[in-house]
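Heads up, the thing below is written out as structure tokens.
This one's a predicted model, so the numbers in the text were calculated from it and none came from an experiment. Start at 1 and go down the list; that is how both ligands and their atoms are numbered. In what follows, residues are counted from 1 in the order of the sequence shown. These numbers come from the heavy atoms of this one structure, side chains and all, not from hydrogens, waters or symmetry mates.
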Amino acid sequence: MFITFEGIDFCGKSTQVELLKNYFERKGKSVQVIREPGGTEISEKIRDILLDKKNNKMFMETELLLFSASRAQLVREKINPFIKQGEIVISDRFHDSSTAYQGYGRGLPIDSVLNVHKLAIAERIPDITFIIDIPVEVAVKRKSEKTHQELDRIEVSSNDFFEKVRNGYLTLAKNEKRFRVIDGTQSIENIHKLIINYIEELEHL
Ligand code: ADP
Ligand code: TYD
């Protein structure tokens with residue numbers, strides 16, 4: 001099973017990824033957690049370039065191709081072999097992040113972004129994708145607990161950008177069956193319970 005988590009920054013993905021990992025481990029299942037961008041030696045180097053606030057001259061085309069390069073490596077070096085071994089893979093972000101951030105957020109043509117995905121991930125589409133949806137104001141509130149220094153190049157983007165990203169995710173969710181949109185303003189425990197319900201549903205299919 002290949003499970004991905006999506007949503008705007010501070011939506012609570014990492015919290016839920018950890019809880020879901022623990023859930024599978026309690027059930028005695030072998031599970032691998034990865035994060036994007038990153039997850040391999042090469043991909044982590046690309047991550048450093050992408051998130052470095054000094055790289056404020058980066059063009060959106062460069063950004064898309066770097067995220068996709070990091071992902072192409074991760075898919076072939078880790079995700080595909082893990083899935084072949086029968087492991088459950090949970091990824092904190094995957095290709096939908098590029099569609100939402102670089103496509104809907106930055107404004108690159110969506111069909112170009114989807115064509116890049118075809119090369120970068122090929123057939124490796126997630127079985128289920130959770131979008132943890134929160135209003136931008138909630139994200140801003142959570143972000144305010146961090147210092148500017150702690151924020152990366154993308155996290156310092158404008159609220160308007162994050163509105164576009166959020167709406168992009170909601171548009172994506174309407175077009176493909178693998179998406180489950182979850183109201184991320186609920187308690188951490190409630191969100192976790194909803195996720196488990198969806199996973200159990202999928203296991204019984
Ligand atoms: P992400 O990985 O999406 O950036 P995190 O899981 O790191 O998000 O959560 C961002 C912040 O919001 C953290 O301080 C976390 O404790 C808090 N948080 C996560 N989920 C919730 C929730 N359901 N309600 C309130 N705060 C939350
Ligand atoms: P990260 O620190 O992993 O953020 P988060 O904990 O919110 O996932 O940084 C990843 C940042 O890169 C985040 O702001 C989202 C952005 N991003 C894209 O713009 N496009 C992508 O394809 C991916 C994977 C991430």
Give a yes-or-no answer on whether the side chains of [X] and [Y] include a donor-acceptor pair shorter than 3.5 Å.
{"X": "Thr185", "Y": "Asp183", "result": "yes"}
{"X": "Ser91", "Y": "Thr4", "result": "no"}
{"X": "Arg71", "Y": "Ser43", "result": "no"}
{"X": "Ser97", "Y": "Glu6", "result": "yes"}

Can you sort out which atoms of ligand 2 are near [X], meaning under 4.0 Å from one of its heavy atoms?
{"X": "Glu36", "result": "3 (O), 24 (C)"}
{"X": "Ser98", "result": "21 (C), 22 (O)"}
{"X": "Asp152", "result": "2 (O), 9 (O)"}
{"X": "Lys13", "result": "5 (P), 6 (O), 7 (O), 8 (O)"}
{"X": "Ile154", "result": "12 (O), 14 (O), 16 (C), 19 (O)"}

Notebook entry, point to check: Are any of the N/O atoms in Asp9 less than 3.5 Å from those in ligand 2?
Noted result: yes
Check: Is the shortest N/O to N/O distance between Arg71 and ligand 2 below 3.5 Å?
Finding: yes
Is there a polar contact, in the sense of an N or O pair closer than 3.5 Å, between [X] and ligand 1?
{"X": "Ile191", "answer": "no"}
{"X": "Ile8", "answer": "no"}
{"X": "Ser187", "answer": "no"}
{"X": "Ser14", "answer": "yes"}

Check: Does anything in residues 24-77 pair up under ring-ring contact (aromatic ring centres under 6.0 Å, His included), and if so which pairs, sequence neighbours excluded?
Finding: none
Note to self: When you measure from the centre of the six-membered ring of Phe161, is the NZ or CZ of Arg106 closer than 6.0 Å and no more than 45° off the axis?
What the structure shows: yes
Checklist line | Pi-cation contact, Tyr198 with Arg180 (under 6.0 Å, within 45°) | finding: yes
Next item on the list: Pick one of side chain, backbone, both or neither for how Arg142 approaches ligand 1, counting any non-hydrogen atom pair under 4.0 Å.
Entry: side chain
Just to confirm my output: which protein heavy-atom neighbour is closest to [atom], and how far is it?
{"atom": "atom 19 (O) of ligand 2", "result": "Gln102 NE2, 2.9 Å"}
{"atom": "atom 17 (N) of ligand 2", "result": "Phe67 CZ, 3.3 Å"}
{"atom": "atom 10 (C) of ligand 2", "result": "Pro37 CD, 3.8 Å"}
{"atom": "atom 11 (C) of ligand 2", "result": "Leu51 CD2, 3.9 Å"}

Next item on the list: Determine whether any heavy atom of Glu145 lies closer than 4.0 Å to an atom of ligand 1.
Entry: no
Item checked: Heavy-atom gap Gly184 to ligand 1 smaller than 4.0 Å -> yes
Next item on the list: Would you check if the distance from the ring center of Phe179 to the ring center of Phe130 is below 6.0 Å?
Entry: no
Next item on the list: Select the closest option to atom 2 (O) of ligand 2 among Glu155, Arg35, Arg47, judged by heavy-atom distance.
Entry: Arg47
